[in-house]
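Here, residue 1 is the first one in the sequence, and each next residue gets the next number.
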Amino acid sequence: MKVEIFTHKNCIECNFLIEFLENKGLLSKVTIIDTELYPFLAFERGVISTPSIFVDGKLIFAGVVDYDELLKILSGEKVSVKINKEELIDKLMFGIINSFAATAWLYVNKDFDALMAQKDFVFAITGLALISESEAEEMYNYLRNVIVKEGDIYFEKWKDTMKRVISSNFIRELYWLYEKKLEKEYVMSKYPIEVFAHWLMVRGGAVGRVGLRIHPLSEKEIITRISEVYIYLFNNYDSLWDKVIKEQEEIRKSNKEQVRFLNF
């Protein structure tokens, strides 16, 4: 059995996972692949979020990892899970918000049909990857029908969470770029709404121009939606910075450079 884990050094969930595996003495059973160092391999495998875990080439977890199920997999036990249809939508949306690329793309484009076509990702974030193929297909078709038909309802339900995820990631990238907290007025001058809109459209799941949808600034519906994030960002500016700085300091303490190259 071959278990591959795609990570990123600035992903806090990745660091927690690596620390967990190290404490359990299981790092020798997996291959760690740093997506910062090997981006094209990640693109080739369809990695949308980190950590992404493949077992014998099949995507099993994306973004959110069930540690108990992973332990069973690594110990060679048969994994059997029960999926409740009523929980599928929430599992899907929770998995989406744990992937910034998926969140940004969905928020800008509001296209559930296209997102559901990424079946490997959908299977991984909902747990469908861990059940029988026939049952998984039945559940997937049910989920797709519901979310495509009632997508607006669920979009509105999760909208505030998506705004928080997008805003946090924008601040996080500013921190990586400048290595310090920036004054609000400075950021507003450097990133007016037009620049922020461009950033969000480009960041939303685009690899090169694959997946890229540039909407004209004249598209009122799109820009109004993006403006809501922009307003949220600056209304919560200080708390977002505090959270990001604390998170990044924790990552810096726990990050083990040697693990990034393990077994690759």
Side-chain angles (χ1 to χ4, degrees), residues 1-81 83 88 91-92 94-103 105 114-137 139-140 143-144 205-208 210-211 255-264:
M1 178 178 64
K2 184 176 183 181
V3 178
E4 300 164 292
I5 304 179
F6 286 78
T7 67
H8 190 282
K9 70 175 183 180
N10 289 322
C11 162
I12 194 163
E13 290 83 5
C14 297
N15 281 270
F16 287 154
L17 176 60
I18 290 172
E19 186 175 7
F20 170 79
L21 292 173
E22 185 177 39
N23 290 338
K24 293 289 184 180
L26 294 171
L27 277 177
S28 62
K29 290 193 172 186
V30 304
T31 298
I32 304 293
I33 304 171
D34 188 332
T35 57
E36 183 180 65
L37 299 176
Y38 303 100
F40 297 106
L41 181 57
F43 298 159
E44 178 186 331
R45 300 291 291 278
V47 173
I48 294 178
S49 60
T50 57
S52 281
I53 301 180
F54 291 80
V55 178
D56 292 332
K58 180 181 179 181
L59 181 61
I60 301 297
F61 300 109
V64 181
V65 179
D66 186 315
Y67 284 19
D68 291 335
E69 299 299 338
L70 179 59
L71 283 178
K72 290 179 183 177
I73 291 170
L74 293 174
S75 64
E77 292 182 42
K78 184 178 179 180
V79 176
S80 179
V81 300
I83 303 292
L88 273 176
K91 283 180 176 288
L92 174 72
F94 186 71
I96 289 170
I97 65 164
N98 272 278
S99 165
F100 172 49
T103 300
W105 191 89
L115 189 142
M116 288 299 293
Q118 190 72 25
K119 286 182 70 174
D120 288 349
F121 176 67
V122 172
F123 274 41
I125 63 177
T126 57
L128 296 180
L130 294 170
I131 63 177
S132 69
E133 193 172 318
S134 59
E135 186 182 2
E137 283 295 329
M139 291 280 196
Y140 168 80
L143 176 61
R144 184 183 179 281
V207 178
V210 176
N255 195 26
K256 298 177 176 60
E257 284 295 314
Q258 69 272 19
V259 172
R260 296 173 62 202
F261 310 99
L262 189 69
N263 288 344
F264 185 73

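The two atoms that bring Asn15 and Lys9 nearest to each other are ND2-O, 3.2 Å, heavy atoms only. Residues Ala114 and Trp105 approach most closely at CB-CH2, 3.4 Å, considering heavy atoms.
Cation-pi geometry between Arg45 and Phe54 is satisfied (NZ or CZ under 6.0 Å from the ring centre, within 45° of the ring normal).
Residues Ile60 and Leu70 form no side-chain contact, since every pair of their non-hydrogen atoms from C-beta on lies 4.5 Å or further apart. By the 4.5 Å heavy-atom criterion applied to side chains, Glu13 and Val65 are not counted as neighbours. Using a 4.5 Å heavy-atom cutoff, the side chains of Val81 and Asp66 are not in contact. You'll find the side chain of Thr126 stays beyond 4.5 Å of the side chain of Ile83, heavy atoms only.
Atom-to-atom distance recorded for Cys14:SG and Glu19:CD is 13.0 Å, nearest 0.5 angstrom. With rounding to the nearest 0.5 angstrom, the CZ atom of Phe100 is 12.5 Å from the OG1 atom of Thr50. The CG atom of Leu143 sits 9.5 Å away from the CZ atom of Phe123 when rounded to the nearest 0.5 Å. Here the straight-line distance linking atom CG of Leu27 with atom CZ of Phe20 works out to 11.0 Å at 0.5 Å rounding. Separating the OH atom in Tyr67 from the CG atom in Leu74 is a distance of 12.0 Å, to the nearest 0.5 Å. The distance from the CD1 atom of Ile48 to the CD atom of Gln118 is 4.0 Å, given to the nearest 0.5 Å.
Ser99 places no side-chain N or O within 3.5 Å of a backbone atom of Ile96 that could act as its donor or acceptor partner. Looking at Asp34, its side chain never comes within 3.5 Å of a backbone N or O of His8 through a donor-acceptor pair. Of the possible donor and acceptor atoms, one in the side chain of Lys58 sits under 3.5 Å from a partner among the backbone N and O of Ala129. The backbone N or O of Met116 lies less than 3.5 Å from a partner atom in the side chain of Tyr140, making a donor-acceptor pair. Within the 3.5 Å criterion, the main-chain N or O of Ala62 finds no donor-acceptor partner in the side chain of Ser52.
Shown are Ile73, Leu17, Leu59; of these, the side-chain contact (heavy atoms from CB on, under 4.5 Å) with Ile53 is made only by Leu17. Of the candidates Ile97, Ile125, Asn98, Asn98 is the only one forming a side-chain contact (heavy atoms from CB on, under 4.5 Å) with Val64.
Counted within 6.0 Å of CD on Glu77, heavy atoms from surrounding residues, nucleotides or ligands total more than 12; the atom is thus considered enclosed.
Of the charged side-chain nitrogens involved, none lies within less than 4.0 Å of a carboxylate oxygen, so that Glu137 and Arg144 do not count as a salt-bridged pair.
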